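Quick note on labels: first sequence line is chain A, next is B, and so on, each numbered from 1. This one's a predicted model, so the numbers in the text were calculated from it and none came from an experiment.
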Number of protein chains: 2
Amino acid sequence: MLDPIESLRGRGLSVTAQRIAVLRAVSGRPHGTADDLAEDVRREIGTISRQAVYNALGTLAAHGLIRRIQPSGSAARYEDRVGDDHQHLVCRSCGEMVDVDCAPGETPCLNVVDDAGYEIDEAEVVYWGTCPKCLKAR
Amino acid sequence: MLDPIESLRGRGLSVTAQRIAVLRAVSGRPHGTADDLAEDVRREIGTISRQAVYNALGTLAAHGLIRRIQPSGSAARYEDRVGDDHQHLVCRSCGEMVDVDCAPGETPCLNVVDDAGYEIDEAEVVYWGTCPKCLKAR
DNA sequence: TCCAGAAATTGAAATAATCAAAATAATGCT
DNA sequence: AGCATTATTTTGATTATTTCAATTTCTGGA
């Protein structure tokens, strides 16, 4: 992971204890929710307001330092793997989320038949299934 | 659109005025939120409780009569196009959602490099971009 | 028609996220 | 380093979406 302070400076963002801690938390717990991350941050710097967590996550995501994922039926999650085109695999049963790398070169049908005049900038893929643990539990 | 009563019977579901109206509403307003649909239903049958709308949507989705979509940063939406593999295109600016058909035969990388032991049953794709209206408005 | 189970209504509540105003901290300049 | 400006954080309230639980009503089958 890049130094949080450098990362913030690099984007022209103010460097605050909260943002640094949030960045670290996202690194340390990939796919954490805002609530998960707030807990981690509190463990690191003692206290932070909910609002500051949301602000930091929003700002960091807007500047491409982290990525926001919004799976069906769960709070938004955040991760610091950005810039590669990995996707996510979510367990329908327990909600666990893991990264998956797509076969290189096989960009998922970015050529849609009819783009309806939209300017498309991202194709987001979520794979749904059942994780090994939940498969065993049946 | 199939007859709502037949659709319900076909799945062994009780036929209620609320479910029929919800099915019709979903047909008539693709990509509507629960709230949008509740309004439409009220226009048709006068009154329905919020809970009944959610129950109906949940049940219908669970039985494959409708599909639930959960785009980042918006309430869940519903549509009655099921059984084909069309995907969605969402405008980042105004939130509008339209259907897109993928180029036939180009199933989006269903062969992930490492499935982490998951049993994958669905690949959900959301295209993000800017709609023609919002492009013009710039 | 009547009964048992399913679904709807009602009202409260949980969850996730955002808003707004005041207090605090960071940055840039001298 | 000190100070003013601007951005960020805190605080507390608020919205939006969805779910829970108890009661009433309706549906489908005997």
Between the axis at one end of the helix from C:dT1-D:dA30 to C:dT30-D:dA1 and the axis at the other (five pairs apiece), what's the angle to 10 degrees?
40°

Tell me whether B:His31 contacts the main-chain N or O of B:Met97 through its side chain, where contact means a donor paired with an acceptor under 3.5 Å.
yes

Find the distance A:Arg42:CZ to D:dT9:P and express it as a whole number of Å.
14 Å

B:Arg11 side chain to B:His63 main-chain N or O, any donor-acceptor pair under 3.5 Å?
yes

Taking the side chain of A:Tyr54 as its heavy atoms from C-beta onward, which of C:dT18, C:dA8, D:dT18 lies nearest to it?
C:dT18

Carboxylate-amine/guanidinium proximity below 4.0 Å for A:Asp35 and A:Arg50
no

Salt bridge A:Asp121-B:Arg92, side-chain N to carboxylate O under 4.0 Å:
yes

Taking atom C1' of C:dA17 as reference, at what distance in whole Å does atom CG of A:Leu37 sit?
15 Å

Anything under 3.5 Å between a protein N or O and an N or O of nucleotides 25-27 of chain C, put it in a table, one pair a line.
unit_1, atom_1, unit_2, atom_2, d
C:dT27, OP1, A:Val15, N, 2.8

Candidate nucleotides C:dT18, D:dT9, C:dA17, ranked by approach to the side chain of A:Asn55 - the nearest
D:dT9

So what does A:Ala76 hit on the nucleic acid, given a heavy-atom distance under 4.0 Å: a base, only sugar-phosphate, or nothing?
sugar-phosphate

Tell me the interatomic distance from B:Arg11, atom CZ, to C:dA7, atom P, rounded to whole angstroms.
15 Å

State plainly whether the residues B:Asp101 and B:Arg81 are in salt-bridge range, i.e. N to O under 4.0 Å.
yes

Gap between atoms CD1 and P, on A:Ile48 and C:dA23 respectively (whole Å):
21 Å

Does a distance-only test, which skips hydrogens and angles, find a donor-acceptor pair under 3.5 Å between the side chain of B:Arg50 and the base of D:dT18?
yes

Once side chain to side chain contact (heavy atoms under 4.5 Å, CB included) is applied, do any residues pair with B:Asp36, and if so which ones, sequence neighbours excluded?
B:Arg29, B:Thr33

Looking at A:Gly58, is its backbone amide N or carbonyl O close enough to the side chain of A:Arg68 to form a donor-acceptor pair, meaning the two atoms are under 3.5 Å apart?
no

Length of the line joining B:Gln51:CD and C:dA13:P, which is rounded to integer Å:
15 Å

